[in-house]
Amino acid sequence: MAEMSINTHPDVAPPYIYVPVWLDDEGMVQVSIAEGSDHEKILLAYTALDRLLDALGDEQPWAAIQTAQLSAVKEETGYTHLVVDHFVSELVRKMSANERRP
């Protein structure tokens, strides 16, 4: 797969972003937060749905949120880093999927 395109307008934010989600034990949608190598809490966000699916795989559940709501998401999840349009390798996706299995 080719690399993601470069953002040539970093000062322009889309009105909505797409984020990976999961269902908790009560069936409530929760925003997925990745853990970085130094235990950072990372929110992966994508500027288009096809970018999320290309980066995380077709099986990844997702939600669209208003970009203006990022501060509320940060308050709820405690994420420390926002990473936009980041491609996640298939190996990392498989490891992550295995960690979620009981």
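When reading the values below, keep in mind they use all heavy atoms of this one structure, side chains included, and skip hydrogens, waters and symmetry mates.
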Between CG of Asp25 and CG of Leu23, what distance do you get to the nearest 0.5 Å? 10.0 Å
To the nearest 0.5 angstrom, please state how far the CD1 atom of Ile17 sits from the CD atom of Gln69. 10.5 Å
With Leu53, which of Leu49, Leu56, Asp50 fulfils side chain to side chain contact (heavy atoms under 4.5 Å, CB included)? Leu49
When rounded to the nearest 0.5 angstrom, what distance separates CD1 in Ile33 from CH2 in Trp22? 10.5 Å
Taking all non-hydrogen atoms of both residues into account, name the closest pair between Leu52 and Val19 and its distance. CD1-C, 3.7 Å
Spacing of NZ belonging to Lys74 relative to NE2 belonging to His81, to within rounding of 0.5 Å: 9.0 Å
Counting only heavy atoms from other residues, nucleotides and ligands, does the tally under 6.0 Å from CD of Glu35 exceed 12? yes
I want to check a possible cation-pi pair here: Lys41 against Tyr79, using under 6.0 Å from ring centre and within 45° of the ring axis as the test. no
Taking all atoms of both residues into account, what is the closest heavy-atom pair of Tyr46 and Ala55, and its distance? CE2-CB, 3.4 Å
Would you say Asp85's side chain and Thr47's backbone share a donor-acceptor pair under 3.5 angstrom? yes
Nearest heavy-atom neighbours spanning Gln60 and Val21: NE2-O, 3.2 Å
Per the side chain to side chain contact (heavy atoms under 4.5 Å, CB included) rule, which among Val73, Leu43, Leu44 passes with Leu82? Leu43
Shortest non-hydrogen contact from His86 to Val83? CB-CG1, 3.4 Å
